[in-house]
Structure formats: C-alpha cells, structure tokens
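Report on one structure; see the data block that follows.
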Amino acid sequence: MVAATGHADTTVGHGELIKAVDRALTTHGRALLTGPAGAGKTEVVRALTEAAVLRHETVLLLAPEATDRWIPEASAAALLASVPAAALEQLSGPQRTAIALLRRETDAPRAGRDHVALRLAVVEVLRTLAARGPVLLALDNAQWLDAESTDLLRFALRLTPPRVRVLAAECVQGGAPLAEPLCGPGAPHLRVPPLATDEIAELLVRRGLPARLAGRIHQASGGNPRLALALGHSLAEAAGTRDGGAHHADPLPVSGQARDVARRLLGVVPAQARRTLLLAALAARPTTALLRRAGRPDAEAELAVAERAALVTVEEDGAVRFTAGALPTALAADAGWAGRAAGHAALAAAVDDPVQALRHRALAVDTPDQWLAAEIAEAATVCRRRGQRVLAAELGLLAADRTPCHLPGDELARLVGAAEDAGWAGRADLARRAARAVLARDSSPADRVRARLAVIDAAGQALGALDETFAHATADAEGDPALQAAVRLRTAWKHNLSDGDPVRSRDAAAEAGVLAAAGGDQVAEAMALTVRARMGRILGDPDAEEILAEALALPAPEVPLGMRNAPQYLAVRHALFDDRLADARRQLLVLLPAVRRTGSAEDVFEVLRSLTEVELRGGRCAAARTHARDALELTIEAGLSPGPAWYVTAMAEAMGGGFARAAGYARRGIQASEEEHDQVFLSRSLHALGLVELATGEAAKAVATLRRVAELEAAQQVVDPSILRWHGELAEALVAADALEEAAELQARVRTTALALGRTSVIAALDRALGLCLSAQGEAQEAVALLEATAQRFAVLQLPLERARTLLALARVERRRRRRAPARAALRAAADAFAEAGATPWAELAREPSPAPSPSSGEDGGTPALAALTEAETRLALLVAQGASNQEAAAKLFVSVKTVEARLTRIYQKLDVRSRAQLATTLRAR
C-alpha cells in the first residue's frame with residue numbers, strides 16, 4: 001500500500017461525508033468524490049484508506065501529480081509498483097514481461113510493448129488480490145491521470161470482481177469529471193462541501209490561529225480549508241508587522257501562500273472565463289447583463305464553467321457572487337494596472353448607477369484632474385447621505401488622489417472627510433490610510449485631531465493599542481474645548497471597554513461633558529451624559545436615571561456618532577434591564593430601520609442584540625433566534641468582532657434552539673473574547689455556557705463557569721445585578737452541587753443590593769434558588785410555598801420563561817416530596833409554557849418522565865425513595881454504583897473527597913443502605 005500524504009490539517013467538518021462515501025463504497029462498490037483544490041478530498045481519501053487498512057483490506061493508493069498527465073501510462077506504472085510482489089508471481093511470462101517493461105521504462109516508446117498482455121496482467125493482479133480479501137483502489141488527484149492509464153484502468157475494472165472497490169477523488173475542472181468512466185454509470189457522485197464558520201474556527205484553533213478570525217476567514221475562503229489556513233497565516237503575519245495590530249474590519253491580506261491557493265483555484269477555468277471573472281471582481285454588483293454590456297458577450301457560458309468549478313454562483317436574476325472573497329482580490333491583483341484600468345473603463349460605460357460609473361471612470365485613469373476630483377467628492381457626499389459610508393470613504397480617498405497639487409486645501413478636506421467616513425464605517429484600514437496622509441501634510445491641529453479620532457472610532461473595541469494616538473490627539477486638541485471634549489469622550493469609552501474601569505470612565509465622561517458645554521457642542525454633551533448614565537447604572541448609582549433624563553432633554557442629532565452612544569439607545573437598554581419589555585421592543589423596532597440607513601454595521605448589530613434579548617425575556621424564542629441569526633450574519637459580512645455575536649446566538653440557542661449548539665457558540669464566544677481581551681462579552685459568553693451546564697445537569701461545571709462570571713463582574717466593579725443576571729443561576733448551581741452555605745451567602749448579599757435598587761425580577765430569581773435551597777435542607781413545605789409564589793410573581797412581571805423555569809423547579813421539589821400529582825401538574829404547566837414560548841430544549845426537559853411508582857410509594861402514588869435524593873446526590877450515587885472510588889467521584893464532580901464522603905453518608909441514610917454493594921443493588925432494583 002502507498003501511504004497517503006496529507007497537506008491540510010485533519011478531517012474537520014468532513015465526518016458525515018466520510019460516512020457517506022463509506023456507505024456508497026459498501027453499497028455500490030464505486031464512489032466519485034469531487035471538489036475544488038484544497039477542499040479536503042485528500043484528507044477524506046486518507047481517512048477511508050486508513051480505516052480499510054485497520055479492517056485488514058488491501059489498499060492500492062494512486063495519487064498522480066500534474067506532470068504525470070503528459071507521460072503515457074505513468075499512473076499505471078506507479079500503481080503496479082505498489083502491488084505486493086506475491087501478487088505478480090502467478091502471472092504468465094508475457095504478462096510479467098509487460099509489467100516489468102512498464103515499471104522500468106515509463107518514458108520508452110510504447111510501440112514495442114504488448115498492450116494486450118499488460119491489460120490482462122492488471123486484470124489478473126486485481127483478481128489475485130481480491131481472492132485474498134477485499135481490495136480498495138483509491139485514486140486521489142484523478143484529474144492528473146494520463147489518458148493511457150485511464151483507458152487501461154477502465155478496461156481492467158470492468159473485469160474485476162465486486163470485492164475490488166474503487167474510490168476516485170478529483171479536483172473539479174469546470175467540466176464533467178474525468179474519472180467518471182472509471183467508476184462506471186450509476187456510481188454515486190459526492191461533492192466535498194465547504195466548511196461552515198464553526199468548522200473554520202475549529203480548524204484555525206488546531207493550527208494555533210485566533211478563532212476570532214473565523215467569520216472573516218470563512219467569508220474570504222468560502223469554507224475552503226486550504227485557503228482558510230493560508231489566509232489565517234497571512235493575517236497573522238500582517239498583524240505582527242502592522243502598527244497597532246490587526247483590526248477587525250481590515251481586508252484580509254491575499255498574499256503569499258493565500259494568493260497561490262487562490263490562483264490555483266482560478267487556474268482550472270480557461271483564460272476567456274478568467275477575463276469575465278475579472279470584470280465581475282471589479283464591479284460592485286456584477287450581473288450577467290452588466291458583464292455582457294461591458295464587452296463579454298459569452299458571459300453566461302463562461303460563468304457556467306466558473307460555477308461548475310465552484311468559483312462563483314449565478315442567481316436566477318443574473319447576480320454573480322464569488323464563493324470566496326479572496327478570489328476577486330487575487331484576480332484584481334494579478335491583472336496588473338493595465339488590466340484593471342481596461343476593466344474599469346469597460347464597466348464605466350456599462351453600469352447604470354452614476355456614482356459607480358464615476359468610480360470606474362476615475363479608477364481607469366491615474367492622473368490628477370481638478371474637475372474629476374470635484375465630481376468624485378460630490379459623489380462621496382451623495383454616498384454619505386445614503387448611509388454608504390465605506391463607499392464614501394473610498395471615494396473621498398480617490399478624490400484626494402485625483403486632486404492636483406495646486407489645490408492643497410481641497411485635498412486635505414477630502415482626506416479628513418474620508419477618514420471620518422471610514423471611522424464611522426469601522427474600516428480601520430481606510431481610516432489609517434487617510435490619517436497618515438493628513439498627518440503627512442501641512443494640516444491644522446483641528447484636522448489632525450479629526451483624523452486621529454477617526455482612527456480611534458474605526459478601531460471598535462480594540463482601543464487598548466491606541467495609547468499613542470490618544471496622546472497625540474490630546475496634545476493637538478489643547479485650547480479647543482470642543483476638540484478636547486471629543487478626545488475625553490473617547491477616553492471614557494476606552495476606560496470602560498479596554499480597561500474595565502467604570503469609575504475612570506464616568507469621571508472622564510464628566511470632564512468631556514463640561515468641555516462640550518463650554519465648546520457649545522450639545523451632541524458631545526449628550527453622549528458624555530450617556531456614558532455617565534451607563535457607568536452609573538453599572539456602579540449602582542441611584543442618580544443614573546436622572547443623568548440619562550438630562551441627556552435625553554438635549555437636542556438629538558440627526559445621525560449620532562454610533563447609536564450605541566446615543567441616550568435614546570441607552571434608554572432602551574434601561575427598559576430592558578427594568579423588564580419594561582414592551583417599551584424596549586417598541587423603541588427598538590423604530591431604531592432598527594433608522595440604524596440600517598446610517599450604514600453602521602455596529603449600530604445595526606447593537607439593535608439586533610437588544611432585540612434578541614428583549615424577545616427572549618418576553619418568551620418569543622423564534623423571533624429571538626431570527627434576530628440572533630441576522631446579527632451573526634451581519635457580523636461575518638461586516639468583519640465585526642465575533643465574540644458578541646456568538647454570545648447572542650448562544651443565548652438564543654440556549655432558550656429556543658438546542659443546548660449542544662448553545663454550548664458550542666458560547667465556547668467560541670469565550671475564546672474570541674479572551675483573544676480580544678474583551679472582558680464585557682467574556683462575562684456574557686461564560687454566563688451563557690453556565691446556563692446550559694446548569695440546565696443539562698452539569699452542576700459542578702456550572703458552578704466553576706459561573707464563578708468566573710462573578711470574578712469578572714467583581715473586577716469590572718459591576719454593582720447592579722439587573723445588567724447580567726447570573727446570580728440566580730450560580731445560586732441554583734451551588735444548591736445542585738450541595739454547596740448550600742455558599743448559595744445562601746450569595747443570595748443574601750445580592751438580595752440586599754437588589755432590594756436597595758428595586759430590582760424585582762432579580763429578587764424573584766434569587767427566590768427560585770432559595771426555594772431549591774430550602775428543599776435541599778429538608779424544608780419542603782416552605783420551598784413549595786416560596787416557589788409557587790415566585791411563579792406567580794414572574795407571571796405578573798410578564799416573564800413567561802422565568803415562570804416556566806420556576807414551575808420546573810417546583811415539579812422537582814414536589815417529586816422529592818413524593819407528591820406525584822402536584823409534581824405532574826407543575827411539570828405539565830412548565831411544559832405548556834415552554835412550548836408556547838418556543839423554548840424547545842426546555843420543553844424537552846419538562847417532558848422528562850417521572851419514575852414509576854413502587855410498593856414503597858405513598859398513597860398518592862408518589863415516587864420511590866430514590867426521588868428523595870438531590871441532583872448532586874443522585875449523580876454521586878450513580879458514579880459509586882458504577883464502581884467509582886471516592887477520589888474518582890470527587891474528580892468527576894469537581895468537589896473535594898471530604899464532600900463526597902459527607903454526601904455519601906446522607907445517601908446511605910436516605911436509601912437505608914450500608915455499603916456500596918447495597919447501593920448498587922438498590923439502584924438497579926429501582
């Protein structure tokens with residue numbers, strides 16, 4: 001057997017495909033596997049051949065290279081060279097001679113060879129091997145088989161027994177698979193699918209690359225593993241050499257290995273098709289009609305070839321979309337200036353959008369032109385009004401580049417405008433480019449400050465690496481209160497996001513407000529008050545609402561710098577925190593179309609995030625999942641930091657999707673937030689994971705996860721428990737883990753703060769945990785009364801999911817009391833409430849069957865004595881009954897050996913047993 005040589009990582013994301021190919025080989029004896037270069041075909045073949053070897057099958061692996069295609073019978077010679085010598089001993093003299101000549105002289109003239117003997121020899125070899133057991137003939141890179149070898153193998157495989165199975169893997173070339181004749185008619189044709197975003201994340205992590213890049217790399221690679229890894233390495237190298245590191249919205253560098261992979265993908269289609277693809281790459285919104293008007297009359301046919309090669313997709317309306325974002329970048333780079341200029345000139349005459357026509361006309365020339373520059377600048381203004389801030393920034397830079405040197409004032413104004421547009425859009429690359437040009441010119445302090453503020457605004461949450469930019473902006477703003485206010489306002493944002501220090505953030509915002517008032521900038525004053533109100537809420541300041549009201553009283557700007565920084569949006573967040581869900585939802589639905597018009601992806605994400613949280617609290621899980629999905633798609637498309645989007649999706653899945661998916665998203669959110677040093681969303685993703693662990697009965701893990709949340713919140717000086725409601729979950733997890741004293745202490749401490757601040761629903765969540773605590777302490781009657789009252793309180797607050805969770809807790813307490821009928825009634829009510837809210841995974845929990853009654857049950861048909869155990873005791877009892885020692889059980893439950901010993905004593909008392917053997921017998925009987 002010839003060993004496979006893998007060049008990618010593993011079979012990440014291809015598990016189901018491997019099973020499907022294996023089934024096809026078992027059922028049909030033949031399978032054809034296709035996909036673009038780098039899709040993972042070799043890894044799938046390797047996995048299947050390794051599995052066949054483990055089953056003691058004979059494996060013949062043939063993997064020709066590109067040069068082999070032009071050498072007659074080269075692949076046949078390579079295949080026969082891998083055949084064991086014993087299989088050749090039974091051949092006749094002419095057959096052995098034919099094989100010997102082939103193996104010795106692949107490049108010799110073919111005229112003197114006995115080709116009939118050679119064909120019969122190959123048939124006889126395969127029959128001999130099949131007589132000894134199953135044979136797997138694996139042909140990797142089948143597109144490089146030479147014509148003579150293909151003809152020989154097609155003849156031989158027609159005459160071989162069924163025990164010879166054939167797997168052919170071929171890189172798509174834009175036409176019919178070349179290996180199709182080898183597999184015969186009716187053979188299953190399986191295509192390697194692109195990896196999903198979460199699979200790209202796993203692939204990156206296994207290669208030591210940041211998972212936070214997964215969304216951007218997935219978009220740029222189209223899910224192609226080899227291209228994804230090449231892009232990841234290119235981006236990591238660029239981040240190491242770029243000032244300030246990589247920024248979330250920068251275009252991915254398609255250079256080095258990444259460009260080589262992209263070229264290989266593009267190289268499978270003819271030159272004519274690549275010319276059409278170049279025009280599609282240069283166009284903003286390519287369609288087949290546009291490409292025809294631009295001089296490609298055969299666009300449909302050429303695009304059809306590219307589509308079969310998995311390079312583009314063509315929609316029913318003719319819209320053309322590249323499968324991988326790196327492909328148009330590579331096409332444009334390889335075309336050179338002359339090729340790009342010709343393409344832009346053709347598109348300028350073909351597009352129907354005046355702005356795009358002007359853009360193409362400007363890109364088709366490279367000389368300064370006063371009137372052209374003025375036209376471009378006016379087009380940038382039009383795009384700014386439309387909310388197309390990225391295009392406005394690009395046009396502004398283009399206008400500055402086309403401005404003659406005798407108009408330095410116009411050039412500088414266009415550069416500053418481009419920087420501010422880029423800052424608004426979050427395009428750090430464009431903002432830095434414009435800012436560098438402004439700082440290189442004889443610019444005023446005000447222009448320098450505006451350019452540097454644009455760089456700060458474009459950085460999103462990555463403000464920690466911009467200390468030098470803040471210092472220069474502070475120095476240049478000296479003496480101008482309005483500019484000083486703008487710098488201090490951004491300093492306040494940095495203290496919160498990067499430093500996790502709400503006190504310093506509040507104080508910086510207060511300074512910014514005073515300066516803004518002195519400078520007459522009411523917009524900056526309102527935003528400064530907003531930051532003060534936000535930090536005040538975090539710190540538990542009772543004056544926070546008055547400060548917010550003061551901000552709301554100021555004139556609202558038509559388009560504030562980031563909706564998330566506007567007092568109107570903070571008012572929505574406060575309504576959410578206060579459970580005024582109808583108000584919050586109504587305002588968010590008004591804000592959503594408004595932020596979509598501004599062109600800020602971060603603003604749209606913020607509104608979608610809040611809508612998701614509002615819908616979840618209000619018991620509308622389907623709507624919440626829709627908003628979360630939109631937020632995740634937006635994040636990937638705009639290149640935003642993925643941590644917040646993964647958190648939002650995790651919460652939506654935890655309530656309305658599936659616990660396993662929720663845990664996966666939460667873990668990715670944790671990893672991304674840790675990589676970006678984002679403490680705020682690290683806490684949130686940990687909370688989502690802890691909630692899932694608690695719901696699925698992993699109490700010890702939930703305690704560990706939620707304790708991390710508590711530590712992070714303490715480090716961030718968060719006082720108000722209504723902002724991130726982890727306290728009740730941690731208390732419940734502590735009860736389930738039998739840490740009753742710690743649970744009681746946590747409840748008492750948080751209850752004091754919640755009562756002082758009037759956080760009613762937080763107190764109700766603590767009461768649910770207290771009810772479970774009372775039950776664990778043997779005060780069942782008090783527990784039932786408290787849980788019933790808490791469920792009613794949640795109903796009054798119109799929080800259906802919280803009510804249903806409380807009813808679920810009530811059912812468990814009643815079951816432990818051996819009161820079967822009330823337990824079933826509470827469980828049924830919980831299941832109905834979860835189902836009505838669309839909380840699918842919770843509805844499954846509420847439908848779990850009650851244990852069957854035993855002779856020891858009470859008169860009301862209650863559960864057997866085993867139901868008297870707490871969840872923590874039940875887990876320990878099962879582990880011990882399965883033979884675990886105290887040390888092993890302690891390790892698995894994340895508790896001390898002493899805790900295990902004390903808990904085991906209680907289990908023995910409750911079940912009336914005296915030994916591990918009796919415990920195991922009792923559990924088996926019950």
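These numbers come from the heavy atoms of this one structure, side chains and all, not from hydrogens, waters or symmetry mates.
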Would you say the side-chain atoms of [X] and [Y] include a donor-acceptor pair closer than 3.5 Å?
X    : Y    : result
R768 : T790 : no
E802 : S761 : no
Q781 : R817 : yes
Y569 : T530 : no

Seminar exercise, completed: salt bridge (Lys or Arg N to Asp or Glu O under 4.0 Å) filter on R667, not counting sequence neighbours, yields none

Problem set entry | Pairing residues for D767 by the salt bridge (Lys or Arg N to Asp or Glu O under 4.0 Å) criterion, not counting sequence neighbours | R751, R793

Problem set entry | Minimum heavy-atom distance A791-R803, with the two atoms named | O-CG, 3.6 Å

Problem set entry | Pairs satisfying side-chain hydrogen bond (donor to acceptor under 3.5 Å, both in side chains), at least one member in residues 621-630, at least two apart | R625-E653

For this session: Look at atom CD of Q798 and say whether more than 12 heavy atoms of other residues, nucleotides or ligands are closer to it than 6.0 Å.
Result: no

Any [X] side-chain heavy atom under 4.5 Å of [Y] side chain:
X    : Y    : result
F834 : R805 : yes
L592 : L588 : no
L734 : L740 : no

For this session: Pick out which of R573, R534, R537, R725 makes a salt bridge (charged side-chain N to carboxylate O under 4.0 Å, His left out) with D720.
Result: R537

Exercise. Thinking salt bridges, do D507 and R504 make one under a 4.0 Å N-O criterion?
Worked result: no

Exercise. Does E613 pair with R617 as a salt bridge, N-O distance under 4.0 Å?
Worked result: no

For this session: Report the C-alpha distance between L706 and E693 in whole Å, list the side-chain angles of each, state the deciding distance to 0.1 Å, and finish with yes or no for side chain to side chain contact (heavy atoms under 4.5 Å, CB included).
Result: CA-CA 10 Å; L706 293 169; E693 290 168 339; over 6 Å; no

Problem set entry | Stepwise salt bridge (charged side-chain N to carboxylate O under 4.0 Å, His left out) test for E711 and R707 | CA-CA 6 Å; E711 292 165 1; R707 276 177 178 158; over 6 Å; no

